[in-house]
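Everything below concerns the one structure shown next.
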Amino acid sequence: MAINRTGKRRCVVAGAVCATLLTMSGPAAHAGTAADDHPATLAALKAFQAEAGPGAAVHAGDARGSWTLSAGTGTVNANRPIQADEHFRIGSQTKTFTAAVVLQLVDEGKVSLDAPIADYLPGVVTGNGYDGTRITVRHLLQHTGGLAAYNPYPVTETPKANPDGTYDLAESVRKGLSRPPVSAPGAGITYSNTNYLVLGMLIEKVTQQPVHRAVTDRVIAPLGLSRTVFPAPGDRALPTPAVNGYHGVRVGGFFLWTPALTYDPSLYSSAGAIISTLKDLTTFNQALLAGKVVSTAGLAEMRKIREVEPGSGSGLGLGLGKYTLSCGIAAWGHSGGVPGYMSQTLVTEDGRHASVVTNVLFQVNRPDSTFTALLDTALCEGADRTP
């Protein structure tokens, strides 16, 4: 999970391609003085947006302060550059919030990381080759329990719905576990949303609260994240101001965009339902890394990584990824992708931060290389480059 100029693959939920043919002008940058002060990041942003959605933005900075650059538009056929305080669906960045609540429960002595999930949810992770007595809470947090990949998607990949169109966590977990295990517990990393849907059930069982309420009460409200919402089942609204999400594809100089499918947030729940902003995501990740969300011991557990590439020094922790930048600095965070949005937030111990969003999620030809280059450039501004 190194951030470098060639780019590394990230785990995101696959998007759909459906389209209306539109033509738009080339990417325009908006940021006033910030654009003049950060030419390298502006160039990286323009390169990314040229391969990404109608618009893209980066909110970045260091311990001295923050700045925002935007290219393109947050609304097709309008000149509306994406702003750092506009709402969008953050997808799998939700997992860090969910993991933080689990670690709080560990701090409180209510959950043990190395206890089998069957101790808390008997009979849930069982059958079809699964044995919840061998899969631990830590395995679920780190995607090492052998659970098969499961990417919910509106219409085409959903569990059984309730009459009102919402989804129960238990049904979502059953859907995910309908695919047989891909490995023995602890044998390797397989990124699966099912892990965090099970953890949502764990949070509900231990706290006796719906998971959206537990995350709100324990993380969102205490940090004063006023523009972050974990919507309740049935609440499909995207608060204003908002970045409009799209499906689409790029064909030469033409763009094919159509508004992103709407869906009930309970489809993604504790794996990807949260709505936030670039500013709030930066605040959350900085607070987490500063020890303001979980205990020192809990944060240390979250930062115990399993390397994706042996010897790289980068990998997956518990709801956090560690990324090695081209300037040699380690950054921590998570990426996210749901219909209409692709995003990622990274922070460092010395106060550097970068949060990026574009308002499309491609099913094919994802701009991974320019995405990683943008994050790397923003985070490494002013740093000495490693040889």
After noting the C-alpha distance and the side-chain angles of Thr194 and Ser192, does the key distance pass the side chain to side chain donor-acceptor pair (under 3.5 Å) rule? CA-CA 5 Å; Thr194 309; Ser192 177; 3.3 Å; yes
Evaluation steps, side chain to side chain donor-acceptor pair (under 3.5 Å), between His353 and Thr348: CA-CA 6 Å; His353 53 276; Thr348 70; over 6 Å; no
How far apart are the C-alpha atoms of Arg179 and Leu147, what are their side-chain angles, what is the distance that settles it, and do they pass the side-chain contact (heavy atoms from CB on, under 4.5 Å) test? CA-CA 8 Å; Arg179 296 159 174 79; Leu147 278 64; over 6 Å; no
Taking it one step at a time, do Gln93 and Thr345 satisfy side chain to side chain donor-acceptor pair (under 3.5 Å)? CA-CA 8 Å; Gln93 292 198 61; Thr345 304; 2.8 Å; yes
Checking salt bridge (charged side-chain N to carboxylate O under 4.0 Å, His left out) for the pair Lys175/Glu157: CA distance, chi angles, key distance, verdict? CA-CA 9 Å; Lys175 177 73 172 180; Glu157 191 68 68; 3.5 Å; yes
Take Gln209 and Asp217 through the side chain to side chain donor-acceptor pair (under 3.5 Å) test and state the conclusion after the steps. CA-CA 10 Å; Gln209 288 183 293; Asp217 290 350; 2.8 Å; yes
As a quick check of understanding, evaluate side-chain contact (heavy atoms from CB on, under 4.5 Å) for Leu199 and Val137, giving each step before the final call. CA-CA 8 Å; Leu199 291 169; Val137 174; 4.2 Å; yes
Let me see the working for Ser326 and Cys380 under side-chain contact (heavy atoms from CB on, under 4.5 Å), right down to the final yes or no. CA-CA 8 Å; Ser326 66; Cys380 285; 4.0 Å; yes
Might you work through the side-chain contact (heavy atoms from CB on, under 4.5 Å) test for Arg352 and Val347, ending with a clear yes or no? CA-CA 6 Å; Arg352 295 171 185 267; Val347 298; over 6 Å; no
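Using bins of under 30°, 30° to 60° and over 60° for the plane-to-plane angle, the ring pair His38/Trp67 lands in the parallel bin. Between Trp257 and Phe362, the two ring planes are parallel [angle under 30°; tilted spans 30° to 60°].
Atom-to-atom distance recorded for Asn195:CG and Thr98:OG1 is 11.5 Å, nearest 0.5 angstrom. From Phe284, atom CZ reaches atom OG1 of Thr228 across 9.5 Å, with rounding to the nearest 0.5 Å. Separating the CD1 atom in Ile305 from the CG atom in Leu318 is a distance of 11.0 Å, to the nearest 0.5 Å. The CZ atom of Phe88 sits 9.0 Å away from atom OH of Tyr341, with the distance rounded to the nearest 0.5 Å. For the atom pair Lys160 NZ and Asn162 CG, the distance stands at 8.5 Å (nearest 0.5 Å). The structure places CG of Leu281 at 8.5 Å from CG of Leu225, a figure rounded to the nearest 0.5 Å.
None of Asp264, Thr94, Ile274, Leu197 except one satisfies the side chain to side chain contact (heavy atoms under 4.5 Å, CB included) rule with Ser269; the exception is Leu197. Screening Asn365, Thr370, Thr358 for a side chain to side chain donor-acceptor pair (under 3.5 Å) with Glu51, the sole residue that qualifies is Thr370.
Taking the side chain as every heavy atom from C-beta outward, Glu301 and Leu113 approach each other to under 4.5 Å. Annotation: side chain of Pro185 is not in contact with side chain of Thr144 (no heavy-atom distance under 4.5 Å). Within the 4.5 Å cutoff, side-chain heavy atoms of Ser92 are placed close to those of Asn193. Contact check for Val124 versus Ile117: no side-chain heavy atoms found under the 4.5 Å cut-off. Val356 is not listed as a side-chain neighbour of Leu278, based on a closest heavy-atom distance of 4.5 Å or more. Inter-residue side-chain proximity for Val219 and Gln104 is flagged as met; some heavy-atom pair is nearer than 4.5 Å. The closest side-chain heavy-atom distance from Arg236 to Pro265 is below 4.5 Å. The shortest distance between side-chain heavy atoms of Leu320 and Thr96 falls below 4.5 Å.
Using a distance-only test at 3.5 Å, with no hydrogens or angles considered, no donor-acceptor pair links the side chain of Asp376 to the main chain of Leu325. The backbone N or O of Thr75 sits nowhere less than 3.5 Å from a side-chain atom of Asn244 that would complete a donor-acceptor pair. A donor-acceptor contact shorter than 3.5 Å links the side chain of Tyr120 to the backbone of Ser112. With hydrogens and angles disregarded, no donor-acceptor distance shorter than 3.5 Å links the side chain of Asn359 to the backbone of Val243. A donor-acceptor pair under 3.5 Å is absent between the side-chain atoms of Ser66 and the main chain of Asp62, judged by distance alone. Between the side chain of Asp164 and the backbone N or O of Thr166, at least one donor-acceptor pair lies under 3.5 Å. Without hydrogens or angle criteria, Asn128 side chain to Tyr130 main chain gives no donor-acceptor distance under 3.5 Å. In this structure, the side chain of Tyr246 engages the main chain of Val76 through a donor-acceptor pair within 3.5 Å. Side-chain atoms of Ser70 come within 3.5 Å of backbone N or O of Ile82 as a donor-acceptor pair. Under the 3.5 Å distance criterion, the side-chain polar atoms of His87 are matched with a main-chain donor or acceptor of Pro241.
Taking the charged nitrogens against the carboxylate oxygens, Glu204 and Arg213 have no contact shorter than 4.0 Å, which rules out a salt bridge. Comment: Glu307 does not engage Lys322 in a salt bridge, judged by the lack of any side-chain N to carboxylate O separation of less than 4.0 angstrom. The pair Asp114-Arg138 meets the salt-bridge criterion, since a charged nitrogen lies less than 4.0 angstrom from a carboxylate oxygen. Salt bridge status for Arg227 with Glu86: absent, with no side-chain N to carboxylate O gap under 4.0 Å.
Residues Ala187 and Arg306 share a closest heavy-atom pair of O-NH2, 3.3 Å. A pairwise comparison of heavy atoms in Ile135 and Leu140 identifies CG2-CD2, 3.9 Å as the closest pair. Pro152 and Tyr268 make their closest contact through O-OH, 3.0 Å (heavy atoms, listed as atom of the first residue, atom of the second, distance). Lys95 and Ala271 get closest at one heavy-atom pair: NZ-O, 2.8 Å. Nearest approach of Tyr323 to His334, heavy atoms of both residues: OH-CA, 4.4 Å. Minimum interatomic distance between Leu361 and Pro339 (heavy atoms only, all atoms of both residues): CD2-N, 4.4 Å.
With no hydrogens or angles considered, a side-chain donor-acceptor pair links Thr41 and Glu381 at under 3.5 Å. Side-chain contact of Thr277 with Asp85: a donor-acceptor pair under 3.5 Å is absent, judged by distance alone. A side-chain donor from one of Thr68 and His59 sits under 3.5 Å from a side-chain acceptor of the other.
Between His143 and Tyr196, the distance from one ring center to the other falls under 6.0 angstrom. In this structure, Phe97 has its ring center at least 6.0 angstrom away from the ring center of Phe230. In this structure, Tyr153 has its ring center at least 6.0 angstrom away from the ring center of Tyr263.
Using a 4.5 Å cut-off between side-chain heavy atoms of Ile, Leu, Val, Met, Phe, Trp and Tyr, with links allowed through other members, Leu316 and Val182 fall into different hydrophobic clusters.
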